Amino acid sequence: MLDIRLIRDNPEQVKQRLANRSGDFASLVDEVQSIDTQRRAAETERQKLQSDRNRISKEIGIAKKNGQDTSAIEAEVRGIGSRIEEIGREADVADARQRDLLLSIPNLPHEACPVGSTAEENPEVRVWGTKPAYDFQPKDHTVLGAALGMLDFEAGAKISGSAFVVYRAAGAKLERALISFLLDLHTTQHGYEEISPPLLVKSECLVGTGQLPKFGDQVYHSAADDLYLIPTAEVPVTNLHRDEILPLEKLPVNYAAYTPCFRREAGSAGLGTRGLIRMHQFDKVELVKITTPETSMAELESLTANAEKVLQLLGLHYRVIELCTGDIGFGSAKTYDIEVWAPGQGTYLEVSSCSNFGDYQARRMNLRYKDENGKNRIPHTLNGSGTALARLFVALVETYQQADGTILIPEALRGHFGAEKIG
RNA sequence: GGUGAGGUGGCUGAGUGGUCGAAAGCACAUCUUUGCUAAAGAUGCGUAGCCUUAACAGCUACCGAGGGUUCGAAUCCCUCCCUCACCGCCA
């Protein structure tokens with residue numbers, strides 16, 4: 001969330017920067033400002049009364065010791081007590097309201113974030129490789145997957161419904177090989193610590209990373225236990241340090257985690273739903289960083305480079321685009337998307353979204369660090385997929401398909417997969 | 001799930017209704033002394049909010065969480081959560 005002091009001191013600047021996002025947040029900023037004024041007035045009044053009560057109560061203690069009658073003075077304090085309760089309720093209501101408002105205001109786009117209103121205005125940053133050419137009509141992964149016995153969408157629908165899939169045989173093995181390939185790459189070559197977190201988390205975690213309260217309809221929730229299935233490893237992994245004050249030596253924190261991800265995808269039925277592209281459950285290796293504010297922008301570049309390395313090693317053509325202010329995520333200050341080419345689809349697929357959240361998530365989860373002067377400061381958090389598995393699977397299978405219907409396994413993956421081709 | 005014990009500051013650990021934000025020790029920081037790879041002493045050392053500010057200071061809250069009793073709660077009562085031990089169940 002945003003710093004209330006920033007809003008208090010520079011409301012126009014905040015509104016102006018939020019205006020570049022999609023959605024109108026100016027009225028929320030106005031409201032949070034007026035609530036803040038009310039809250040502080042009530043808080044000041046309450047604290048003055050509490051101070052009075054503390055002082056008089058001490059006097060009562062002393063008087064009683066001296067055997068004096070204190071009934072009159074006690075009655076007076078009783079009156080203060082009820083006023084404290086009254087004004088305190090006001091202060092608490094304002095405080096809760098202020099927090100709610102702050103939680104539903106998105107992050108300010110970074111100065112470096114290109115201004116634009118829709119995805120069409122996202123600038124292309126760079127391109128790696130070229131679209132592969134085929135002397136035959138490249139097939140879709142669903143066709144290839146069915147022919148080679150790798151993907152069973154009917155079985156997925158039978159046991160769990162639409163947008164669920166069963167990986168089988170070489171498909172299951174390829175998925176597993178990709179997971180360990182990705183984790184090995186990031187842990188041994190890029191310096192990340194491997195994390196295997198719980199997949200069910202408390203609501204506080206989702207508030208911390210920004211999915212709640214606004215996007216509650218996108219996550220699966222177990223009401224009986226009040227636990228949520230994670231929509232991304234970003235949630236448990238970033239929240240590892242919620243409510244902590246990290247020593248400076250610990251920064252930057254670099255974590256890599258493989259987890260399944262669960263998304264309700266409410267409202268996106270029929271949107272790019274072909275095959276594996278939008279599932280309720282998919283695997284992903286996520287990269288998470290916690291850094292000082294001074295280094296976060298450089299770390300975003302290296303995080304993105306770490307994710308790109310995956311596609312380079314697998315020999316998959318991709319491009320990197322930067323999200324403009326109108327397309328950027330709720331909590332992000334700056335985001336790069338990596339899109340891999342899928343020949344069977346004839347389109348680019350988003351396999352990674354690398355974002356710098358600035359202090360937005362850290363403030364929500366009360367995450368701080370001690371700087372060199374021993375002062376508590378708010379660090380920056382970053383995350384990016386390294387990469388999403390289902391779409392990587394699509395790109396890989398479609399890119400490396402051969403005229404005879406078999407699929408070549410790229411060199412870098414053979415050690416993990418244990419064979420040179422499928423079929 | 002059952003029974004028992006317990007949750008206090010970075011750690012250990014006192015504190016069972018009144019000047020306790022909390023003894024003491026450890027750790028840490030600064031300084032002093034002796035001196036030289038260590039010891040002794042002094043001082044400081046939680047988090048957040050409010051009010052102010054050049055800065056300091058001041059005030060309030062926080063002793064697992066939430067409620068209650070009271071003029072006053074770390075301390076008494078209730079509910080919940082968590083940890084540990086044993087039992088039960090179980091991959």
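Note that the structure is predicted; figures quoted are calculated from it, not measured. Chain A is the first sequence line, chain B the second, and so forth, proteins listed ahead of strands; every chain is numbered from 1.
- Within residues 71-79 of chain A, the residues that have a heavy atom under 4.0 Å from RNA chain B are, in order of number, E74(A), V77(A), R78(A).
- Within 4.0 Å (heavy atoms only), R55(A) reaches no atom of the nucleic acid at all.
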Which atom pairs link the protein and nucleotides 55-59 of chain B when you take only N or O atoms and keep those under 3.5 Å?
unit_1, atom_1, unit_2, atom_2, d
C59(B), O3', S51(A), OG, 3.3

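- With a cut-off of 3.5 Å on both pairing distances, the Watson-Crick and G-U wobble pairs of RNA chain B assemble into stems of 3 or more at B:1-7 with B:81-87, B:10-12 with B:24-26, B:28-33 with B:39-44, B:46-50 with B:58-62, B:64-68 with B:76-80.
- Nucleic acid contact for R8(A): sugar-phosphate only, since backbone atoms but no base atoms lie under 4.0 Å from a heavy atom of the residue.
- Identified under the ring-ring contact (aromatic ring centres under 6.0 Å, His included) test for residues 224-253 of chain A, with sequence neighbours left out: H221(A)-Y228(A), H241(A)-Y255(A).
- Partners of S160(A) under the side chain to side chain donor-acceptor pair (under 3.5 Å) rule, at least two apart in sequence or in another chain, do not exist in this structure.
- Residues passing the side chain to side chain donor-acceptor pair (under 3.5 Å) test with E43(A) are R46(A), Q47(A), sequence neighbours excluded.
- Evaluation of the side chain to side chain contact (heavy atoms under 4.5 Å, CB included) rule for E111(A) yields R17(A) as partners, not counting sequence neighbours.
- A distance of 6.0 Å or more separates the ring centres of F417(A) and F181(A).
- Of the inter-residue distances, the one linking R39(A) atom CZ with Q98(A) atom CD reads 4.5 Å to the nearest 0.5 angstrom.
- If you check every strand for non-hydrogen atoms under 4.0 Å, K202(A) touches nothing.
- If you check the side chains of N356(A) and K334(A), you find no donor sitting under 3.5 Å from an acceptor.
- Sorted by first then second residue, the side-chain hydrogen bond (donor to acceptor under 3.5 Å, both in side chains) pairs that include residues 19-30 of chain A, not counting sequence neighbours, are K15(A)-D30(A).
- Screening residues 194-214 of chain A for salt bridge (charged side-chain N to carboxylate O under 4.0 Å, His left out), with sequence neighbours left out, gives no hits.
- Listed by first and then second residue, the side-chain hydrogen bond (donor to acceptor under 3.5 Å, both in side chains) pairs involving residues 306-315 of chain A are R126(A)-E308(A), Y192(A)-N306(A), E308(A)-Y318(A), Q312(A)-Y318(A) (not counting sequence neighbours).
- Taking atom P on both U70(B) and G7(B), the two are 27 Å apart, rounded to the nearest angstrom.
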Pairs under 3.5 angstrom, nitrogen or oxygen only, protein versus nucleotides 18-22 of chain B, please.
unit_1, atom_1, unit_2, atom_2, d
G18(B), N2, S57(A), O, 2.7

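- The side chain to side chain donor-acceptor pair (under 3.5 Å) search around D243(A) returns N366(A), not counting sequence neighbours.
- When heavy atoms are screened at a 4.0 angstrom cut-off, D95(A) is found touching no nucleic acid atom at all.
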